[in-house]
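First up is the structure itself, then whatever we jot down about it.
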Amino acid sequence: METNTSPYLLIFRETSPDVYKAMSPDERQRLLEKWNNWYDGLAAEGKVQHGHPLEPKVRIVSGTRGERVVDGPFAETTEVIGGYFLLTVSSFEEATEIAKNCPSLYLGLKVEVRAIAASCPELGVKGRPSAKDLSAA
Amino acid sequence: MEPDRSLESAEHSAQIPQVVEHFFRHETGRLHGALTRLLGPENLSLVEDVAQGALLQAMRAWSIGGIPPNPSAWITRVAMNQARDLLRHRQMSHSKETNIITHFEQTHSGASPAVDESHEIRDDALRLMFVCCHPQLSIDAQVVLALKVLCGFSSAEIARAFLSSEAAIDKQLTRTKQRIRESGIGFEIPEGAELNTRIDGVLAALYLLFNEGYKASHGESLLREELCREAIRLTSLLVGHPVGRTPRSHALLALMYLTAARFPSRLNEHGDLLRLHEQDRSKWDQTLIGCGLHQLVEAAQGSEVSEYHLQAGIAACHCTAADYGSTDWARILSHYDALNRIKPSPIVALNRAVAVGNVRGPQAGLDAIARIPQRDRLESHYLLHAVMGELHSQMNNHQAAAECFREALRLAQVGPEQLYLTRMLERSGDADFPPLAARVRASKALN
C-alpha cells in the first residue's frame with residue numbers, strides 16, 4: 001500500500017425516505033447494483049477499506065449527566081445516517097471526487113466527506129480497536 | 001446484522017454474493033405469500049407494507065454493506081420481525097386482532113425452519129394465486145392484482161404497461177382488496193369439484209396477463225415483455241404444483257413458450273413490426289421452442305382438448321416450420337376450425353380466415369371474413385382491415401388494399417403497428433402517405 005494515502009470517511013445521510021418508498025422492487029435492485037458496482041470498483045483499486053450500513057435504531061444520549069435518552073431517528077424531520085465507507089486515498093479532493101459518484105445522490109442523499117485526524121495509513125491510534133476488530137465485532 | 005464489508009471481503013471481491021435478475025421483485029411475491037398465510041387475505045395492504053419495509057431495509061443495508069450470503073433468508077427474517085412488531089403494536093389498540101398474533105406466535109415460536117419449507121413456499125404461492133384469481137373479482141382486477149401482489153410490480157409500472165394512471169391503478173387495487181375482505185376470500189387451495197373451475201379461473205387470468213404483454217397495442221414494449229415473462233413464471237409455478245398440474249395448464253404453458261420464442265424476431269432494427277413470413281427464423285429461441293414442445297407432450301396426457309391445446313398446437317405449427325412456405329396451414333386451419341367450435345369469437349374467426357387464405361387462396365380468405373358472425377364487433381379493430389388489406393394486395397387489388405391499410409392505420413394505437421401499416425400502404429402505391437412514415441418515426445423517437 002502506498003504510504004502517502006490517508007483515511008477518509010464517507011458518511012451517507014439519507015434525506016428522502018419517501019423517494020425510496022415509492023421505488024419499485026426492480027428500481028431498488030438496479031440502485032443496489034449500482035452501489036455494489038461502485039464499491040467493488042473502489043475495492044479493486046484499493047481505495048476503500050470497508051463499508052458498513054447502520055441500523056436505523058438510534059438513541060441520543062444528552063444532559064450533563066447523560067440523564068436524557070431519546071429514541072430516534074425522526075425520519076421525517078432528521079437526516080438519517082445510513083452508513084459509511086472508510087476510504088484510503090491520497091487527498092481530500094480525491095475522496096470528494098469519489099463521493100460525487102455515489103449512486104443515490106440523485107435521490108437527495110447527501111455524502112459527508114471527513115478526513116480521519118491524527119492517524120497513520122494503517123488506521124487508528126494505539127489503544128483503539130482497528131477497523132478489522134470493529135468489523136469482526 | 002451480518003452484511004458488512006470487512007477487510008477480507010474487500011480483498012476477495014470476486015466472492016461477494018450477487019442477486020439474480022428481478023430478485024427483489026420475485027422476493028416481493030414470495031414474501032406476500034408467506035405473510036398472507038400469517039395475516040390473512042383480508043390484511044393484504046398490511047402484507048404489502050411489511051414486505052415493502054423489509055425490501056427497503058434490505059436495499060439500504062446491502063447498498064452500503066454488500067449482499068449477505070443468503071439474501072432471501074435475510075429478508076424473510078426482517079419481514080417476520082416487522083410483522084411481529086406491527087402486530088404487537090396493533091394488539092394494544094385492537095384487542096380483536098389478538099387471535100392473529102396468537103396464530104403468528106404459534107406458527108413461529110420454535111418452528112423448525114428446514115422442515116417442508118420449500119413445500120410451504122410453493123403452497124403459499126399457489127394459495128395467493130387462487131386469491132388473486134378468485135371468481136368474485138373481475139378478470140381485469142385479477143390481472144392487476146396479480147401483477148402487484150404476485151409479480152411485485154409497482155402501481156406506476158402497472159400504469160405504464162396499461163397506459164393508465166398510477167392513481168387509477170391504486171384506486172382499482174383498493175377496491176379489489178376491499179372486495180376480498182367483504183367476500184371473505186380465504187387463503188386456501190380449493191378442493192373437490194371446486195378445484196377444476198378455480199384452476200380454469202387462474203389459467204384464464206394468466207392467459208390474459210400473457211396476452212396483455214404479447215399484443216403490442218399500447219404501453220412500453222420492454223415492460224410488456226416482462227408481463228409475458230411473469231405469465232410464464234406464474235404458469236410454471238402452477239404446473240410445478242401437484243394440484244395445478246393439469247393437461248390444460250401444460251397446454252397454456254406450451255402456448256406461452258412457443259409464442260415467446262418468436263419475440264426476438266417480431267420487430268426489425270427500427271422497431272417496425274414484421275409479419276411472420278418476413279421474420280428471421282434463425283432468431284427464434286430454440287430453447288423456448290423446446291420447452292414449449294415438451295409442455296405440449298405433457299399436455300397430451302389424457303383425452304382433454306382445451307382451447308389452450310389448440311392454440312398451442314397452432315403455435316407449434318409455426319415454430320416447427322423451417323420457413324413460411326412449408327408451414328402446415330392445413331393443420332393450422334383444422335385447429336382453428338376446432339377452436340371456433342369450442343370457443344367461437346370474431347378474433348378466432350379472423351385468424352381462421354388467414355389460415356383459409358393460405359390454404360385456399362386470398363379470395364377464399366376474404367369470403368371467410370365476409371361470413372364472420374358479429375363481424376361488426378371487429379370493425380373498430382385495426383387487425384381486420386390489415387388482414388383484408390393483405391389479402392387484397394395478394395390479389396393485386398392495390399386500391400382496395402390501400403383503403404384497408406389506411407383504415408387500419410387510423411385505428412392502430414401503437415408505434416410499431418402504425419409503422420408496419422404505413423409500410424404496407426407505401427407498398428400498395430398510395431402516394432399520400434410516405435410523409436406519415438417519417439412523422440410516426442419522428443414522434444416515436446421523441447418518446
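Please read all numbers here as calculations on a predicted model, not as lab measurements. Per chain, numbering begins at 1; letters A, B, ... match sequence-line order.
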Calculate, to the nearest 0.5 Å, the distance between atoms [atom1] and [atom2] belonging to [X] and [Y] respectively.
X: Ser63(B); Y: Trp38(A); atom1: OG; atom2: CH2; answer: 10.5 Å
X: Asn36(A); Y: Trp62(B); atom1: CG; atom2: CH2; answer: 10.0 Å
X: Leu54(A); Y: Ile64(B); atom1: CG; atom2: CD1; answer: 7.5 Å
X: Asp26(A); Y: Phe23(B); atom1: CG; atom2: CZ; answer: 12.5 Å
X: Ile158(B); Y: Ser24(A); atom1: CD1; atom2: OG; answer: 10.0 Å
X: Arg60(B); Y: Leu109(A); atom1: CZ; atom2: CG; answer: 9.5 Å

* Between Pro25(A) and Thr28(B), which heavy-atom pair has the shortest distance, and what is it? ->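 Distance-wise, the nearest heavy atoms are CG-OG1, 3.5 Å.
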
* Work out which heavy atom in Pro53(A) is nearest to a heavy atom in Ala61(B); give both atom names and the distance. =>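 So the minimum-distance heavy-atom pair works out to CG-O, 3.4 Å.
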
* Go through the atoms of Glu27(B) and report whether side chain, backbone, both or neither lie under 4.5 Å from a heavy atom of chain A. =>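 Nothing of Glu27(B), per the 4.5 Å heavy-atom cut-off to chain A.
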
* Asked: Considering only heavy atoms, which portion of Glu157(B) lies under 4.5 Å from any heavy atom of chain A: side chain, backbone, both, or neither?
  ->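 It is the side chain, since no backbone atom gets that close.
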
* **Test side-chain contact (heavy atoms from CB on, under 4.5 Å) applied to Met59(B) and Gln29(A), Arg28(A), Glu27(A), the passing residue** =>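 So, applying the side-chain contact (heavy atoms from CB on, under 4.5 Å) to Met59(B) and each of Gln29(A), Arg28(A), Glu27(A), only Arg28(A) qualifies.
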
